[in-house]
**Q** 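Please see the structure below; I have some questions.
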Amino acid sequence: MSYNTYIQENKNRFLTELFELIRIPSISADSYYKSDVQKAANKVSELLKAAGCDSVEVHQTSGHPIVYADKLINPALPTILVYGHYDVQPATPLELWETPPFEPTIRTTAIHPQGAIFARGACDDKGQMFMHIKSLETMLKNGGLPCNVKFMIEGEEEVGSVNLEVFVKQNKAKLANNIILISDTGMISNKQPSITTGLRGLSYVEVEVTGPNRDLHSGLYGGAVANPINILASMIASLHDENRRVVIPGFYDDVVELSEKERNEIAKTPFSLEEYQGALQIEAVYGEKGYSTLERNSIRPTLDVNGIWGGYMGEGAKTVIPSKAFAKISMRLVSKQDWNKISDLFICHFKSIAPKGVKVEVKIHHGGQAYLMPIDHIGYRAAFEAYQEAFGVAPLPQYSGGSIPIVALFEKELDSKSVLMGFGLDSDAIHSPNEHFGIFNFLKGIETIPLFYKNYLKRYLIDN
Ligand code: BES
Ligand code: MN
Ligand code: MN
């Protein structure tokens, strides 16, 4: 039968299976959930086997497991490597969820009139990764695969993919492929699909400022010693200038400015500042002078504090000058900025601006390089045709502000480009309370992916 008929007839079972995966709280950042992360890996391997993969392995690492599976039908045909992740972000703050994060619930919203699955991981990335498993099943049950396929589904994407990096370097032959296919990004809207052509890089650091050797009475010592929180606040405030540019020397050295033509293309992306501000309930946007909002959140590098703490944070008031202050800082990187170099520049600058009377320590958490996909690449073209067929609308290229650091590493180590076929929406609240994924998006994804296989094969045969 046709793929669409098959998808419609099996829709409820697809959702039931996805819900079983979502119910496992596979939070990679929190060691309390380690056995749940393992359970999710086992579940993914069962799903891959049931969908028709021949070899399925759960590879243990020094962190969380990597699931590998494949269905190799003919060495003369090209091979697609599907990458995704089954780990999720922590669900806190729990009290802001309308329904519990690991009990998937379907509700409609203004943007998702056909309903959306509300749960942690519904969109990022269990729901999107699972679409690939169901596309595989759909193809195998209705005439077979056009290409060979390999799956590599990891459990540490949300914590920096440290062990996947090792796995990739040690298993290049096993992972050999013609193109990598990933659904872990978004698109502009359900009426205007888009394909992600850029991901930002990342450097994530944590700083610790130490003043006196113990917390002090803020009356007896206040005014006479450096207060680490006051100092940290002014050090952080000094990292941007009046044009909201990052002042770290060398920070912009490897940023390639886009051409006027490329900037004009970005400006064509449908975007309403009014709706943007309305959705966030802010009266004005804020950012680097000389760039539009769409540029600021995609093709420009940034520096942002993600968390700041220290001193007394309990109930009521306690008069104290703290011994220590802390902050977590992320820098989103673009074009040729090297994340190791940027991390070093940050450390050097941050230490240099510390006044006498405090000590500064900086720890690097993780990072990765930015990634670009040219729109004349065979993978982009095949994805373009797939979206056009499935949505009846030509997709637009879209630079994303998010990061999937392992994608640049794939290019370096496996020498293949990744096609970023995302089906989420910015409003899906990934990483936030009430994350959700539209049922329309889920089913459209399962429908679009086989069209990529078909169009990729067609273009591959023309080229080879
Ligand atoms: N899937 C996201 C990245 C993403 C989402 C890219 C939407 C583009 C559009 C991924 O799971 C993620 O959250 N990445 C982290 C980085 C990671 C190293 C923790 C990010 O971008 O903050
Ligand atoms: Mn993700
Ligand atoms: Mn994520």
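In listed order, ligands and their atoms are each counted from 1.
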**Q** Is it the side chain (CB and beyond), the backbone, both or neither of H366 that lies under 4.0 Å from ligand 1, heavy atoms counted?
**A** side chain

**Q** Would H431 count as a contact of ligand 1 if the rule is a heavy atom under 4.0 Å away?
**A** yes

**Q** Between ligand 1 and D124, can you find any atom pair, the residue atom being a heavy atom, that is separated by under 4.0 Å?
**A** yes

**Q** With the Mn ion (ligand 2) at the center, what angle do OD2 from D184 and NE2 from H85 span, rounded to 10 degrees?
**A** 90°

**Q** Looking just at side-chain N and O atoms, do S62 and N163 make a donor-acceptor pair shorter than 3.5 Å?
**A** yes

**Q** What is the distance from atom CD1 of I446 to atom NE2 of H132, rounded to the nearest 0.5 Å?
**A** 10.0 Å

**Q** Answer with side chain, backbone, both or neither: which part of R332 has a heavy atom less than 4.0 angstrom from an atom of ligand 1?
**A** side chain

**Q** Taking only heavy atoms of H85 into account, list the atoms of ligand 1 that are under 4.0 Å away from them.
**A** 11 (O)

**Q** Taking C-beta and beyond as the side chain, do H64 and Y33 meet within less than 4.5 Å on heavy atoms?
**A** no

**Q** Please determine if S400 has a nitrogen or oxygen closer than 3.5 Å to a nitrogen or oxygen of ligand 1.
**A** no

**Q** Does any N, O or S atom in E157 come within less than 2.8 Å of the Mn ion (ligand 2)?
**A** no

**Q** Between the Mn ion (ligand 2) and D124, is there an N, O or S atom separated by less than 2.8 Å?
**A** yes

**Q** Only heavy atoms of P405, strictly under 4.0 Å: list the atoms of ligand 1 that pass.
**A** 18 (C)

**Q** Using a strict cut-off of 4.0 Å, indicate which atoms of ligand 1 neighbour a heavy atom of I430.
**A** 5 (C), 7 (C)

**Q** So which of the N, O or S atoms of E158 lies nearest the Mn ion (ligand 3)?
**A** OE2

**Q** Are S26 and K126 close enough that a side-chain donor and a side-chain acceptor fall under 3.5 Å?
**A** yes

**Q** Parallel, tilted or perpendicular: which one describes the rings of F442 and F130, with boundaries at 30° and 60°?
**A** parallel

**Q** Are R244 and E288 within salt-bridge range, i.e. N to O under 4.0 Å?
**A** no

